There are 2 protein chains.
Amino acid sequence: MQVTSRDATGTTTDKFNCSVCPVRDHAVCSRCNPEEFEQFKAIRRIRSFSKGAHIMRAGEPMTSVGSLTRGSAYLRRSLEDGRRQMVGLLMPGDFIGRPGRREVAFDIIAGTEVQLCQFRIGDFERILQASPAVSRRLLEMTLDELDAARLWMLVLGRATSRERLTSLFALLVQHDARHMSRKIGISAKIELPFARSDIAEFLGLTIETVSRRFSDLQGDGLIRIEGRRKILIPDYLALIAETGDSESWRHEFHGEVCLSSAVE
Amino acid sequence: MQVTSRDATGTTTDKFNCSVCPVRDHAVCSRCNPEEFEQFKAIRRIRSFSKGAHIMRAGEPMTSVGSLTRGSAYLRRSLEDGRRQMVGLLMPGDFIGRPGRREVAFDIIAGTEVQLCQFRIGDFERILQASPAVSRRLLEMTLDELDAARLWMLVLGRATSRERLTSLFALLVQHDARHMSRKIGISAKIELPFARSDIAEFLGLTIETVSRRFSDLQGDGLIRIEGRRKILIPDYLALIAETGDSESWRHEFHGEVCLSSAVE
DNA sequence: CGTTAGTTTGAAAGAGATCAAAGGTTGTGG
DNA sequence: CCACAACCTTTGATCTCTTTCAAACTAACG
């Protein structure tokens with residue numbers, strides 16, 4: 001990897017090669033011209049977080065923004081008695097933070113080992129003001145995330161527990177397909193990026209219910225649980241028939257919006 | 001009103017005076033320079049829709065975008081068996097449509113008599129490309145909506161029916177407060193922009209459950225139902241204590257994000 | 001006034017949550 | 001390499017909240 005040294009907090013103190021950056025072609029910086037790109041290079045700071053670490057915490061002042069370059073993370077929000085809900089999934093290339101707000105609105109937790117390319121918020125806002133390419137790219141990404149959030153609101157508001165779980169699988173399959181840039185086959189194997197408890201938080205259910213539905217779906221032959229974090233989907237179409245919204249999941253459209261911020 | 005004539009479909013054929021436009025200071029066009037503003041004037045088309053009408057339908061090609069200038073509308077999405085969920089509330093000044101996508105993702109329904117200021121999508125995208133002021137304003141609005149959507153995901157995923165209803169009331173109170181630009185008092189009167197069935201679709205509940213919780217809250221003295229579409233909240237703080245997230249509702253922050261696209 | 005649509009209330013059923021315990025994995029130290 | 005601890009997952013039994021089905025009530029409107 002490009003990180004050559006690292007201090008105690010996980011911040012690299014020197015070089016990181018943008019030209020081999022895994023999100024070079026779709027992050028917020030992906031469409032800027034060479035001089036804007038140099039500005040970014042000058043102010044960026046590479047940091048890493050270990051699995052489970054809080055990248056940001058709701059309520060604290062927002063001091064930096066940036067791109068997720070490796071790993072995955074999620075956005076979470078809690079009620080005062082501790083009930084929690086995941087409200088977003090962050091994958092490589094996704095933007096973290098909110099220009100124009102001084103306070104963080106959601107907890108952001110590293111789901112795996114994570115690498116970030118961060119900018120101090122003031123530095124970033126200066127570039128954003130000056131660069132139409134950056135603000136347009138960020139607009140595009142934000143619109144995609146908004147559609148994805150709204151689509152997921154339907155799942156949280158109306159879907160049964162079985163539908164929620166199959167919807168999550170469909171989302172992950174499409175995600176992989178897009179990321180690996182290949183077609184969705186009739187069968188698929190997916191690596192679950194979460195533990196059962198994370199899945200429960202994502203779906204608005206308890207872990208017990210999630211576990212029961214896993215078993216049911218396996219009993220019905222719709223999935224095969226292959227170890228704790230891996231499942232096989234023998235028939236993708238049969239799976240999405242259980243989501244309550246198969247038409248949408250079949251439709252190419254979802255391939256675009258359900259990814260955190262996919263682009264073509 | 002400024003509309004001087006109207007054809008059968010509700011499209012005005014001539015003048016509309018932007019200088020007295022009710023959303024002049026916060027719509028997508030609010031920050032552009034005089035010449036950009038002239039461009040907007042040249043391509044805009046004022047349309048109106050009656051209560052209950054579909055402004056757009058999920059799946060159809062997106063031919064135009066624009067601003068909601070009067071009335072309110074909502075975004076809705078359905079499962080194939082007819083279960084429905086509202087996924088957004090549109091108030092005057094809010095932007096309708098999605099540059100960069102050719103297909104409409106959600107049903108948009110007029111909640112009241114509605115007036116729109118529309119542009120053909122191609123015309124709008126041309127201005128968007130050329131004008132940093134417009135794309136920055138749209139980015140700002142979209143980021144606010146994304147935060148609001150995610151905040152609502154917590155309600156849909158985790159709140160009880162009582163919490164959902166009180167959260168909706170809190171949202172409407174804050175909305176009014178912002179719109180009328182006055183402080184939230186200890187007591188408030190709100191006009192419900194929906195029927196019970198709409199509230200149910202918004203909250204992810206059935207109308208029966210909504211109705212029962214209305215009665216409960218009135219029994220507990222937290223609200224007074226004053227006619228079908230009006231309620232009085234004698235003690236706003238007592239109300240938000242029932243949301244499960246009173247800290248957030250008290251916090252000024254929510255005054256910013258829970259509005260569809262408020263600006264300061 | 002009577003009709004219709006919207007709202008409230010009641011009783012029963014169902015889905016998911018909660019409480020509780022047993023099974024499996026993973027990791028560590030002997 | 002095995003044993004044990006800690007953690008995660010699955011399964012079971014029961015309870016609770018929301019839905020469903022049904023009917024009564026109320027307000028608006030012709």
Side-chain angles (χ1 to χ4, degrees), chain A residues 50-52 79 81-85 111-113 155-169 191-220 223-231 242-244, chain B residues 50-52 79 81-85 109 111-112 154-169 191-220 222-231 242-244:
Chain A
S50 51
K51 181 178 157 170
L79 291 175
D81 66 1
R83 279 170 289 170
R84 294 180 195 158
Q85 178 64 49
T112 62
E113 182 79 24
V155 173
L156 293 177
R158 295 295 178 188
T160 64
S161 57
R162 184 183 177 95
E163 289 166 342
R164 291 179 199 218
L165 195 53
T166 48
S167 297
L168 178 62
F169 293 153
E191 184 82 32
L192 300 173
F194 331 95
R196 296 287 182 276
S197 60
D198 299 317
I199 295 176
E201 287 186 12
F202 204 79
L203 300 179
L205 300 169
T206 59
I207 56 174
E208 294 94 331
T209 299
V210 169
S211 184
R212 282 182 234 277
R213 292 304 92 80
F214 261 89
S215 303
D216 294 350
L217 290 173
Q218 174 154 252
D220 296 345
I223 62 171
R224 265 229 317 279
I225 304 173
E226 310 201 314
R228 183 161 292 205
R229 292 209 170 195
K230 201 170 286 186
I231 64 166
E242 300 291 323
T243 59
Chain B
S50 52
K51 180 177 157 169
L79 292 175
D81 65 0
R83 279 172 288 170
R84 295 181 195 159
Q85 178 64 49
I109 296 117
T112 63
L154 173 63
V155 173
L156 294 177
R158 295 296 177 186
T160 63
S161 59
R162 185 183 177 95
E163 290 166 341
R164 291 179 199 217
L165 194 54
T166 50
S167 296
L168 178 62
F169 292 154
E191 184 82 32
L192 300 173
F194 330 95
R196 295 287 181 276
S197 59
D198 299 319
I199 295 177
E201 287 185 10
F202 203 78
L203 300 178
L205 300 169
T206 59
I207 58 174
E208 293 95 330
T209 300
V210 169
S211 183
R212 282 182 233 277
R213 293 303 94 80
F214 261 89
S215 304
D216 294 349
L217 291 173
Q218 173 154 254
D220 296 345
L222 289 163
I223 63 170
R224 265 229 316 279
I225 304 171
E226 308 201 316
R228 185 160 291 207
R229 292 209 171 196
K230 200 170 288 188
I231 65 165
E242 301 291 324
T243 59

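As the structure is a prediction and not an experimental result, all values here were calculated from the model. Naming: A, B, ... by sequence-line order, numbering from 1 per chain. Just so it is clear, the values below take in all heavy atoms, side chains as well, and ignore hydrogens, waters and symmetry mates.
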Distance, rounded to the nearest Å, where [X] contributes [atom1] and [N] contributes [atom2]:
X        : N     : atom1 : atom2 : result
B:Glu201 : C:dT7 : CD    : C1'   : 16 Å
B:Arg229 : C:dA5 : CZ    : P     : 16 Å
B:Leu217 : C:dT8 : CG    : P     : 12 Å

Does [X] have any side chain to side chain donor-acceptor pair (under 3.5 Å) partners at least two apart in sequence or in another chain, and if so, which?
X        : result
A:Arg213 : A:Ser161, A:Asp216
B:Arg162 : B:Asp220, B:Glu242
B:Thr112 : none
A:Thr209 : A:Thr206

Practice problem: Using side chain to side chain contact (heavy atoms under 4.5 Å, CB included) as the criterion, list what pairs up with B:Arg158, not counting sequence neighbours. | Solution: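 In terms of side chain to side chain contact (heavy atoms under 4.5 Å, CB included), with neighbours along the sequence ignored, B:Arg158 is linked to A:Leu79, A:Arg83, A:Gln85, A:Glu201, B:Leu154.
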Quiz item: Partners of B:Arg228 by side chain to side chain contact (heavy atoms under 4.5 Å, CB included), sequence neighbours excluded?
Solution: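 B:Arg228 satisfies side chain to side chain contact (heavy atoms under 4.5 Å, CB included) with no other residue.
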Quiz item: For B:Arg224, which residues count as a salt bridge (charged side-chain N to carboxylate O under 4.0 Å, His left out) partner, sequence neighbours excluded?
Solution: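 Only B:Glu226 meet the salt bridge (charged side-chain N to carboxylate O under 4.0 Å, His left out) criterion with B:Arg224.
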Quiz item: For B:Lys230, which residues count as a salt bridge (charged side-chain N to carboxylate O under 4.0 Å, His left out) partner, sequence neighbours excluded?
Solution: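 Here the qualifying residues are B:Glu191.
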Practice problem: Identify whether any heavy atom of B:Ser215 sits under 4.0 Å from a base atom; if not, whether one sits that close to sugar-phosphate; answer base, sugar-phosphate or nothing. | Solution: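 Here B:Ser215 touches the backbone only, sparing every base.
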Quiz item: Which letter, B, S or -, goes with each nucleotide of nucleotides 10-25 of chain C from 5' to 3', with contact meaning a protein heavy atom under 4.0 Å?
Solution: BB----SSBB-----S
Quiz item: What does the inter-axis angle of the helix from C:dC1-D:dG30 to C:dG30-D:dC1 come out as, five pairs per end, nearest 10 degrees?
Solution: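 Inter-axis angle at the ends, rounded: 30°.
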Self-check item: Contact boundaries on DNA chain D for chain B, cut-off under 4.0 Å to non-hydrogen atoms
Solution: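 Listing 5' to 3', DNA chain D meets chain B from D:dT18 to D:dA27.
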Quiz item: Are the side chain of A:Glu163 and the backbone of A:Thr160 linked by a donor-acceptor contact shorter than 3.5 Å?
Solution: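 Present.
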Exercise. Can you sort out the partners of B:Phe169 under ring pair (Phe, Tyr, Trp, His ring centres under 6.0 Å), two or more places apart, ordered by chain and number?
Key: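 B:Phe169 satisfies ring pair (Phe, Tyr, Trp, His ring centres under 6.0 Å) with B:Phe214 once adjacent residues are dropped.
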